[in-house]
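Below is one structure; the comments refer to it alone.
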2 protein chains.
Amino acid sequence: MTNRVRRTMPLLPISIVMQLTELTARQIRYYEEHDLISPARTEGNKRMFSLNDVDTLLEIKDYLDQGLNMAGIKKIYDLRETPENEKAEPKSLSDAELRKLLHEELKHQARPLEKGGFRQSDLSRFFN
Amino acid sequence: MTNRVRRTMPLLPISIVMQLTELTARQIRYYEEHDLISPARTEGNKRMFSLNDVDTLLEIKDYLDQGLNMAGIKKIYDLRETPENEKAEPKSLSDAELRKLLHEELKHQARPLEKGGFRQSDLSRFFN
DNA sequence: AACACATGTTAAGTTTTCTAACATTAAAAA
DNA sequence: TTTTTAATGTTAGAAAACTTAACATGTGTT
């Protein structure tokens with residue numbers, strides 16, 4: 001366990017991430033703008049992505065294909081990253097909000113899968 | 001076996017390789033000039049390194065620490081990469097040449113290991 | 001029709017990388 | 001000891017890659 005991959009190490013420039021994910025630079029930056037990823041920065045302010053970042057981007061692609069929007073995806077990550085213990089009191093996010101999210105998701109349900117896209121949101125396509 | 005890491009995929013810019021190997025850009029380019037590595041190039045001619053390249057660079061560091069020079073290291077890689085079957089007739093590399101190599105290596109034998117350097121010439125320091 | 005969301009496109013500026021030339025240092029050869 | 005050579009440092013100028021910001025476009029929603 002101690003010796004697992006350092007998947008958080010910032011290694012990849014945006015050009016490579018574009019290839020790996022088939023996303024445009026615009027898309028990647030837009031997702032960052034909406035706090036779905038937080039790539040590291042070089043001293044000169046260039047984004048550097050970890051393998052985890054790439055995984056996340058592939059997941060985002062999937063969620064978008066499934067009809068979710070930025071807010072929906074963000075919520076998912078926020079929930080996911082909330083430690084189990086303090087997961088009790090859901091802050092001030094009302095039922096209304098949650099119902100709306102759910103609604104939105106249901107509307108787009110079962111969207112067809114276009115142009116040979118991948119299912120597997122994971123770098124295992126490339127590694128190990 | 002089929003699902004092994006794509007260690008040959010060009011992913012890393014030289015700045016990251018510098019961090020990973022603690023080599024200067026000058027050194028990395030010099031080793032390329034001597035055909036010890038052959039990083040891929042972007043369309044714009046920027047070097048892009050694979051994980052294999054990084055492994056090789058760490059090995060080169062080791063060999064240099066052990067007193068080998070470019071020619072010696074090159075020979076090692078040439079031999080290593082020669083398929084087992086055609087490994088019979090050693091081209092036109094005379095005994096003289098080989099003795100010289102060996103000699104050189106022996107002279108520098110058992111050089112002390114300075115400033116907490118790594119032994120393990122391998123990215124496993126970072127991954128898996 | 002008006003709006004919002006995701007994405008495309010463009011412009012101008014900055015960082016990173018490139019090659020090439022010359023400098024330095026230490027070890028080997030003369 | 002002087003001269004070479006090997007490895008690396010340093011610098012300059014040019015090109016590529018990346019940045020932010022602004023505005024454009026397409027498509028589905030209200």
Side-chain angles (χ1 to χ4, degrees), chain A residues 10-49 53 57 60-75 100-101 103-109 111-112 114-115, chain B residues 10-19 21-49 53 57 60-75 100-101 103-109 111-112 114:
Chain A
L11 295 175
L12 315 173
I14 198 168
S15 54
I16 293 297
V17 175
M18 291 170 64
Q19 296 176 195
L20 257 31
T21 61
E22 295 180 285
L23 292 168
T24 65
R26 183 67 167 89
Q27 289 175 301
I28 296 171
R29 296 191 192 112
Y30 185 69
Y31 304 153
E32 179 187 18
E33 202 174 323
H34 287 265
D35 295 312
L36 300 184
I37 51 174
S38 300
R41 298 288 183 132
T42 66
E43 291 196 357
N45 200 37
K46 269 88 179 89
R47 272 169 266 252
M48 278 297 167
F49 299 79
D53 289 328
L57 286 170
I60 292 171
K61 268 186 89 172
D62 259 26
Y63 285 132
L64 287 174
D65 277 350
Q66 293 169 43
L68 296 228
N69 61 12
M70 296 298 108
I73 300 174
K74 182 71 193 322
K75 193 114 319 165
K100 191 170 167 191
L101 265 175
H103 178 55
E104 192 149 16
E105 184 157 2
L106 287 176
K107 271 194 300 190
H108 297 274
Q109 224 176 20
R111 184 95 73 74
E114 48 244 275
K115 48 172 183 168
Chain B
L11 295 176
L12 315 173
I14 198 169
S15 53
I16 294 296
V17 175
M18 290 170 64
Q19 295 177 196
T21 61
E22 296 181 284
L23 292 168
T24 66
R26 183 67 168 93
Q27 288 175 301
I28 296 171
R29 296 190 191 112
Y30 185 71
Y31 304 154
E32 179 186 18
E33 203 175 324
H34 286 265
D35 295 311
L36 300 184
I37 51 173
S38 299
R41 296 289 184 131
T42 66
E43 291 196 357
N45 201 36
K46 267 87 179 96
R47 273 168 267 252
M48 277 297 167
F49 299 77
D53 289 329
L57 286 170
I60 293 171
K61 270 188 87 169
D62 259 27
Y63 286 132
L64 287 174
D65 277 349
Q66 292 170 45
L68 297 229
N69 61 11
M70 296 295 110
I73 300 174
K74 182 73 192 322
K75 193 114 319 168
K100 193 172 168 192
L101 264 177
H103 178 57
E104 192 149 14
E105 183 158 3
L106 288 174
K107 270 194 302 189
H108 296 274
Q109 227 176 21
R111 184 94 73 77
E114 48 243 274

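Labels below follow one simple rule: chain letters A, B, ... track the order of the sequence lines, proteins then strands, and each chain is numbered from 1.
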Open item on the list: Please report the distance, rounded to the nearest Å, between CE in B:Met18 and P in D:dT8.
Closed with: 13 Å
TODO: Could you tell me the separation between the CD1 atom of B:Ile16 and the CD1 atom of A:Ile16, rounded to the nearest 0.5 Å?
DONE: 11.5 Å
TODO: For A:Asn69 and D:dG28, give me the distance from atom CG to atom P, rounded to whole Å.
DONE: 15 Å
Return the polar atom pairs (N/O with N/O) between nucleotides 12-15 of chain C and the protein under 3.5 Å, or none.
residue	atom	partner	partner atom	Å
C:dT15	O4'	A:Lys46	NZ	3.4

Open item on the list: For A:Met48 and A:Met70, find the nucleotide of DNA chain C closest to each by heavy atoms; which residue's nucleotide sits nearer the 5' end?
Closed with: A:Met70
- [ ] Would you list the pairs meeting salt bridge (charged side-chain N to carboxylate O under 4.0 Å, His left out) in which at least one residue belongs to residues 35-45 of chain B, sequence neighbours left out?
- [x] B:Glu32-B:Arg41
- [ ] Might you point out which heavy atoms bring A:Phe49 and A:Pro13 nearest each other, and give the distance in Å?
- [x] CD1-C, 4.2 Å
Open item on the list: Could you work out, with side-chain hydrogen bond (donor to acceptor under 3.5 Å, both in side chains) as the rule, every residue matching B:Thr24, not counting sequence neighbours?
Closed with: B:Gln27
TODO: Please state how far atom CG in A:Leu68 lies from atom P in C:dA6, giving the value in whole angstrom units.
DONE: 10 Å
Task: Phosphate contact (D:dC18 OP1 or OP2) by A:Arg47 side-chain N/O below 4.0 Å - done: no
Open item on the list: Could you tell me how far apart B:Ile14 (CD1) and D:dA17 (C1') are, to the nearest whole angstrom?
Closed with: 15 Å
- [ ] Please list, chain by chain and in numerical order, all residues satisfying side chain to side chain contact (heavy atoms under 4.5 Å, CB included) with B:Thr42, sequence neighbours excluded.
- [x] B:Lys46, B:Met48
Open item on the list: Can you identify which nucleotide, out of D:dC18, C:dT17, D:dA7, has its nearest atom closest to the B:Ser15 side chain?
Closed with: C:dT17
TODO: Could you state the atom-to-atom distance from CD of B:Gln19 to C1' of C:dT16 in whole Å?
DONE: 13 Å
Task: Heavy-atom closest contact (A:Thr21 atom, A:Val17 atom, distance) - done: OG1-O, 2.7 Å
- [ ] Identify, residue by residue, the members of residues 24-40 of chain B with a heavy atom below 4.0 Å from DNA chain D, and return them in order of residue number, or none.
- [x] B:Thr24, B:Arg26, B:Gln27, B:Tyr30, B:Tyr31
Task: Whole angstrom value for the distance that separates C1' of D:dA6 from CD1 of B:Ile60 - done: 15 Å
TODO: Please list, chain by chain and in numerical order, all residues satisfying side chain to side chain contact (heavy atoms under 4.5 Å, CB included) with A:Ala40, sequence neighbours excluded.
DONE: A:Pro10
- [ ] Would you tell me if any nitrogen or oxygen in the side chain of B:Arg41 comes within less than 4.0 Å of OP1 or OP2 on D:dA17?
- [x] no
Task: Gap separating the CD1 atom of A:Ile37 from the CG atom of A:Leu57, nearest 0.5 angstrom - done: 4.5 Å
TODO: For A:Lys61 and C:dT7, give me the distance from atom NZ to atom C1', rounded to whole Å.
DONE: 14 Å
Open item on the list: Please enumerate all residues that pass side-chain hydrogen bond (donor to acceptor under 3.5 Å, both in side chains) together with A:Tyr31, with sequence neighbours excluded.
Closed with: none
Task: Whole-Å distance separating the CD1 atom of A:Ile16 from the P atom of C:dT17 - done: 12 Å
